[in-house]
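To start, the structure itself, in structure tokens.
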Amino acid sequence: MSDILIKALSLSRSYQQGEGTIAVVASATFSLLARDRVALVGRSGSGKSTLLHLMAGLDVPSSGTISWPALGPAETLLPGKISLVFQAQSLLEPLTVSENVALPLLLAKSAVDIDAAVRAALATFSLENLARKLPEELSGGQMQRVAMARAIVGNPSVILADEPTGQLDQQTGHALLDALIAHLEGTNTALVIATHDPSIAARMATIWRIERGVLVESADTSEEI
Ligand SMILES: Nc1ncnc2c1ncn2[C@@H]1O[C@H](COP(=O)(O)OP(=O)(O)O)[C@@H](O)[C@H]1O
Ligand SMILES: [Mg+2]
């Protein structure tokens with residue numbers, strides 16, 4: 001079986017704007033492998049969220065190709081094989097924290113002990129005390145941590161996290177990343193984090209920089225950022 005989880009060739013996504021089209025992601029070519037740790041960095045509006053949505057199979061390219069050699073067709077990816085942590089608040093309001101975290105397991109008809117898996121995912125991010133709360137009772141930062149717990153609960157092959165520390169102060173953001181990295185230690189899961197924060201990006205092995213839709217640089221942080 002292929003080790004390549006996600007493979008993009010000249011991947012582009014354009015939108016109609018007035019008379020013309022604007023390329024939000026322009027001709028991106030890359031592969032994501034098991035255990036990769038990638039920071040996707042770039043200014044607001046540079047195309048980070050669009051690229052993550054394409055990688056999750058949630059959006060369709062305007063040209064070029066994207067495929068998931070080790071995972072299968074686009075419609076089978078979410079929520080079991082790939083977890084996407086949305087930039088915007090995405091917890092379901094009528095459900096408790098525990099019920100929100102259980103959702104990927106229910107949707108994927110997982111055979112695991114759901115209560116035990118949810119408790120473990122909550123414990124990973126020190127959320128045990130919030131298990132019975134509703135989203136409206138949480139701070140923005142707590143919601144982001146619950147969304148991360150929901151992303152790990154099903155042991156996906158790929159986690160795509162869209163600015164998961166955006167609502168957190170830097171110390172709490174790093175604590176979230178510590179917990180996530182510790183949890184993923186020894187697994188084959190690949191992690192891609194879109195972030196504005198250079199100190200968060202510096203903790204990933206690889207940096208993909210995106211400028212106006214163009215992936216302009218892939219740096220290895222063991223050398224320099
Ligand atoms: N559905 C859409 N229709 C038109 N333009 C869009 C749409 N989604 C995103 N864009 C535009 O694409 C650009 C990149 O957006 P996005 O991927 O959200 O960037 P980032 O996540 O880096 O802030 C922005 O200029 C945004 O306005
Ligand atoms: Mg975004």
Side-chain angles (χ1 to χ4, degrees), residues 5-32 36-68 74-75 77-79 82-91 135 139-148 150-151 156 158-170 172-174 176-177 180 190-204 206-219 221 225:
L5 300 173
I6 306 182
K7 186 176 178 60
L9 288 174
S10 301
L11 178 68
S12 299
R13 178 69 170 102
S14 311
Y15 291 106
Q16 203 73 33
Q17 198 177 66
E19 302 283 278
T21 58
I22 159 168
V24 172
V25 172
S27 204
T29 294
F30 60 84
S31 294
L32 187 77
D36 274 352
R37 298 280 180 269
V38 179
L40 176 60
V41 302
R43 290 185 170 183
S44 194
S46 57
K48 301 184 295 300
S49 295
T50 305
L51 182 58
L52 292 184
H53 295 174
L54 289 164
M55 292 172 76
L58 199 61
D59 194 4
V60 179
S62 307
S63 64
T65 61
I66 184 158
S67 60
W68 298 267
E75 55 280 7
L77 301 173
L78 293 169
I82 295 184
S83 287
L84 175 61
V85 182
F86 288 93
Q87 183 169 4
Q89 201 296 102
S90 63
L91 303 180
S139 70
Q142 287 171 333
M143 288 185 201
Q144 285 197 313
R145 282 154 59 211
V146 174
M148 285 305 313
R150 187 172 62 181
V158 180
I159 296 175
L160 305 172
D162 199 349
E163 309 208 20
T165 63
Q167 303 264 339
L168 305 173
D169 62 71
Q170 203 168 58
T172 318
H174 280 276
L176 179 138
L177 203 54
L180 179 61
L191 173 65
V192 181
I193 292 186
T195 182
H196 277 108
D197 183 340
S199 74
I200 295 282
R203 298 189 55 190
M204 300 287 112
T206 304
I207 302 225
W208 294 353
R209 196 172 298 282
I210 184 166
E211 279 177 20
R212 292 196 209 93
V214 181
L215 275 178
V216 291
E217 187 185 331
S218 299
T221 47
I225 298 176

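Order of appearance sets the numbers: ligands from 1, and atoms from 1 within every ligand.
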### Message
Less than 4.0 Å from atom 26 (C) of ligand 1, is there any heavy atom belonging to the protein?
### Response
no
### Message
With a heavy-atom distance limit of 4.0 Å, tell me whether R43 approaches ligand 1 through its side chain, its backbone, both, or neither.
### Response
backbone
### Message
Nearest non-hydrogen contact with atom 14 (C) of ligand 1 belongs to which option: A194, G45, S49, A23?
### Response
G45
### Query
Please state the angle at the Mg ion (ligand 2) spanned by OE1 of Q87 and OG of S49: what is it, rounded to 10 degrees?
80°
### Task
Would you sort out whether L52 and F86 count as a side chain to side chain contact (heavy atoms under 4.5 Å, CB included), showing the intermediate values?
CA-CA 9 Å; L52 292 184; F86 288 93; over 6 Å; no
### Task
Take D162 and V85 through the side chain to side chain contact (heavy atoms under 4.5 Å, CB included) test and state the conclusion after the steps.
CA-CA 6 Å; D162 199 349; V85 182; 5.8 Å; no
### Message
Could you check whether any side-chain heavy atom of D36 comes within less than 4.5 Å of a side-chain heavy atom of T206, counting everything from C-beta outward?
### Response
no
### contact_flag G42 ligand 1 heavy-atom lt 4.0 Å
no
### Message
Quick check: do K48 and W208 have side-chain heavy atoms less than 4.5 Å from each other?
### Response
no
## Note on the structure
In ligand 1, the atoms that come under 4.0 Å of a heavy atom of K48 are 17 (O), 19 (O), 20 (P), 21 (O), 22 (O), 23 (O)
### Task
For atom 3 (N) of ligand 1, decide whether some protein heavy-atom distance is shorter than 4.0 Å.
yes
### Task
Determine whether more than 12 heavy atoms belonging to other residues, nucleotides or ligands lie under 6.0 Å from atom CZ of R212.
no
### Task
Check ligand 1 against S46 and write out every atom of the ligand that is under 4.0 Å from a heavy-atom position of the residue.
19 (O), 20 (P), 22 (O)
### Task
Report yes if some N/O of V24 lies less than 3.5 Å from some N/O of ligand 1; otherwise report no.
no
### Message
With a 3.5 Å distance limit and no angle check, can you tell me whether W68 reaches the backbone of M55 through a side-chain donor-acceptor pair?
### Response
yes
#### Entry: Contacting atoms of ligand 1, where contact means under 4.0 angstrom from a heavy atom of S44
23 (O)
### Query
Where is the nearest protein heavy atom to atom 9 (C) of ligand 1: which residue, which atom, and how far?
Y15 CE1, 3.9 Å
### Query
Which residue supplies the protein heavy atom nearest to atom 19 (O) of ligand 1, what is that atom called, and how far is it?
G47 N, 3.2 Å
### Query
How far is atom 15 (O) of ligand 1 from its nearest protein heavy atom, and which residue and atom name does that atom have?
T50 OG1, 3.9 Å
### Main-chain N/O of Q167 paired with Q144 side-chain donor or acceptor, under 3.5 Å
yes
### Summary
Note: Q89 and M143 closest approach over all heavy atoms is CG-SD, 3.1 Å
### P61 side chain near R13 side chain, heavy-atom distance below 4.5 Å
no
